[in-house]
Every structure is written in structure tokens, then in C-alpha cells.
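Sequence positions, counted from 1, serve as the residue numbers for this chain. These numbers were taken from a predicted model, which means no experiment stands behind them.
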Amino acid sequence: MVSYHEVGHALVAAMQDHTAPVQKITIIPRTSGALGYTMQVDKGNHYLVSKEELLADIATLTGGRAAEEVEFNSISTGASNDIEKATKVAREMITRYGMSEDFGMVALETVQNQYLGGDASLACSPETQTKIDRQVVALVEQQHQKALKILRDNKSKLDEIAKFLYEKETITGDEFMEILNRKPEIAADAQPEIPQQNA
């Protein structure tokens, strides 16, 4: 399941625009408690992040859980950190970055002591807080559905890469992309049928 989970992240990232390339995928547990991880690294300096990039990040974060659903028709606790991160990004898009059509360029959240880990506090009415919560849920679920579609549309690659990762435990971004871009092999005995003509 961990293998599918990590490949889910990588495959969703690779099949979208506005994402950093996958550098490494591993299912070797870390001391931090993670059972595996997918590493993406941006090339060059990256100071500003677009709305499209943030949406792609949320979809990628939901890719692990989506892979569990697609392959096992079940879900595990493995996505807890992903869910936390995806929720945080979605909330910041709406409350801090002015990326919600309903609220526009209005700061609905302020951050105290930004460089000390900063606590965020909402600066809006309870009614608006309820609307924010609904939008956060809708935004994350929209990207979750996108991830599910990507993985269902590329199920054979999901299976192939997950099996490869399970056997090797760690694969590089180059190995991942080589398998992803590899054309499916056609069996030698699969000859095209020639339609018979009536005499």
C-alpha cells in the first residue's frame, strides 16, 4: 500500500503542468515516522507561486490517498500529513492570497510572528468563517477528484511503477520517468486480424 501511495503522488505530479519534477521515490521508512516519501525539487529560484501551481500541489498531495482508493478500494491513515498540508494550502489560497472569487483581494486571516512559526487568526465574521470552511473542503475535494481521474486514466503505469518501487524500495526520478514514458509492449503473437472477404 505504501508503494502505491508514493507512486500516486509521483504520477499525479508528473501528469500535471505547474509541478516540480520528481527526483526520488522511496518506501524506506524514516525516523520522522513517514513510511516513505516522494521528493520533488524545483529547478532554479522560485520566489512566487501561481494559483495554478498551488492547485497542482493540492492535487499531488491527494494523490497518495487517491492511489489507495483506486488500487485497494480502501483508505489508510497514511495520508494524514498530506491532508494537513493540502488543507493548509487551500485555506491560505482563500484567506491570505486573494485567490477566491467570492472574497477577492481581501485578507481574511492575519499571521502573528511570521518568523517564529506564526499563529494565524481569522479576521472575519462567523458567517464568513463558515463560507471559508466550505470553500476549503470544496477546493481540496475538487483536486482529489482530479487526482483520482489521473490515476484511473493511467492505471497500468500506476501498477507497473508501484511494482518496480516495491521490488527496489527506492527509485530515482529518471527511472520513474523512463517507465512512465515507456511505450507498452505488444505481444509478438498478437497479429492484427485480417478481415475475410466473401468469395
Scan side-chain atoms only and decide if Gln16 and Thr19 contain a donor-acceptor pair under the 3.5 Å cut-off. no

Output yes when Lys88 and Glu84 qualify as a salt bridge under the 4.0 Å nitrogen-oxygen rule, no when they do not. no

I'd like to know whether Ser74 forms a side chain to side chain contact (heavy atoms under 4.5 Å, CB included) with Glu68, so could you lay out the CA-CA distance, the side-chain angles of the two residues, the decisive distance to 0.1 Å, and finally the verdict. CA-CA 6 Å; Ser74 179; Glu68 293 177 20; over 6 Å; no

Using side-chain heavy atoms (C-beta onward) and a distance below 4.5 Å, is Glu160 in contact with Ile179? yes

Could you check if a side-chain atom of Val7 sits within less than 4.5 angstrom of a side-chain atom of Phe164, using non-hydrogen atoms only? no

Is Glu167 salt-bridged to Lys163, going by a charged N under 4.0 Å from an acidic O? yes

Shared ILVMFWY cluster between Ile150 and Met177, side chains joined below 4.5 angstrom? yes

Closest approach of Gly63 to Val12 (non-hydrogen atoms, all atoms of both residues): CA-CG2, 3.9 Å

Kindly compute the distance separating NZ (Lys131) from CD (Gln135), expressed to the nearest 0.5 Å. 9.0 Å

Distance col, row Asp17:CG vs Glu53:CD, nearest 0.5 angstrom, shows 10.5 Å

Checking one residue: Ile28. Which other hydrophobic residues are in its cluster under the side-chain 4.5 Å linking rule? none

Is Val49 reachable from Leu55 through a run of hydrophobic residues whose side-chain heavy atoms are each under 4.5 Å from the next? yes

Calculate, to the nearest 0.5 Å, the distance between atoms CD and NZ belonging to Glu141 and Lys146 respectively. 14.0 Å

Following the transitive rule for hydrophobic clusters with a side-chain heavy-atom cut-off under 4.5 Å over Ile, Leu, Val, Met, Phe, Trp and Tyr, establish whether Met15 and Tyr4 coincide in one cluster. yes

If you look at every heavy atom in Gly8 and Leu158, which pair is closest and at what distance? N-CD1, 4.2 Å

Considering only Ile, Leu, Val, Met, Phe, Trp and Tyr, and joining two whenever side-chain heavy atoms are under 4.5 Å apart, list the other residues clustered with Met39. Tyr37, Val41

Run the salt-bridge test on Asp153 and Lys149 with the 4.0 Å N-O cut-off and return the result as yes or no. yes

Considering non-hydrogen atoms only, spot the tightest contact between Ala67 and Leu151 and give its length. N-CD1, 3.4 Å

For Glu6 and Leu165, the nearest pair of non-hydrogen atoms, with its separation, is CB-CD2, 4.3 Å

Check Arg91 with Asp133, please: is the shortest side-chain N to carboxylate O separation under 4.0 Å? yes

Drop me the distance from Thr170's OG1 to Glu175's CD, to the nearest 0.5 angstrom. 9.5 Å

Residues Ile27 and Ser3: closest non-hydrogen pair is CG2-CA, 3.7 Å

Looking at every non-hydrogen atom in both residues, tell me the closest pair between His9 and Thr38 and how far apart they are. CB-OG1, 3.9 Å

Quick check against the 3.5 Å criterion: does Gln40 have a side-chain atom that pairs as donor or acceptor with the backbone of Ala20? yes

Short N-O contact, Arg65 and Glu69, less than 4.0 angstrom: no

My understanding is that only one of Arg134, Met93, His144 makes a side-chain contact (heavy atoms from CB on, under 4.5 Å) with Leu139; could you say which? Met93

Interatomic spacing from OG1 in Thr60 to CG in Asp82 - rounded to 0.5 Å: 10.5 Å

Verdict with reasoning, Lys85 to Asp57, per side chain to side chain contact (heavy atoms under 4.5 Å, CB included): CA-CA 9 Å; Lys85 287 179 182 174; Asp57 284 348; over 6 Å; no

Same hydrophobic cluster for Phe176 and Leu61, using side-chain heavy-atom links shorter than 4.5 Å among ILVMFWY? no

Check whether more than 12 heavy atoms from other residues, nucleotides or ligands sit under 6.0 Å from atom CG of Asn181, and answer yes or no. yes

Is it the case that one hydrophobic cluster holds both Phe103 and Leu54, taking links as side-chain heavy atoms less than 4.5 Å apart, direct or via other members? yes

Please assess Glu92 against Met99 for the test side chain to side chain contact (heavy atoms under 4.5 Å, CB included), listing each intermediate value before the final yes or no. CA-CA 9 Å; Glu92 287 177 343; Met99 293 179 177; over 6 Å; no

Above 12 or not: heavy atoms from other molecules or residues under 6.0 Å from CZ of Phe72? yes

Give, for atom OG1 of Thr62 and atom CD1 of Ile83, the distance between the pair rounded to the nearest 0.5 Å. 9.5 Å

Could you check whether Thr77 and Ser80, counting side-chain N and O atoms only, form a donor-acceptor pair closer than 3.5 Å? no

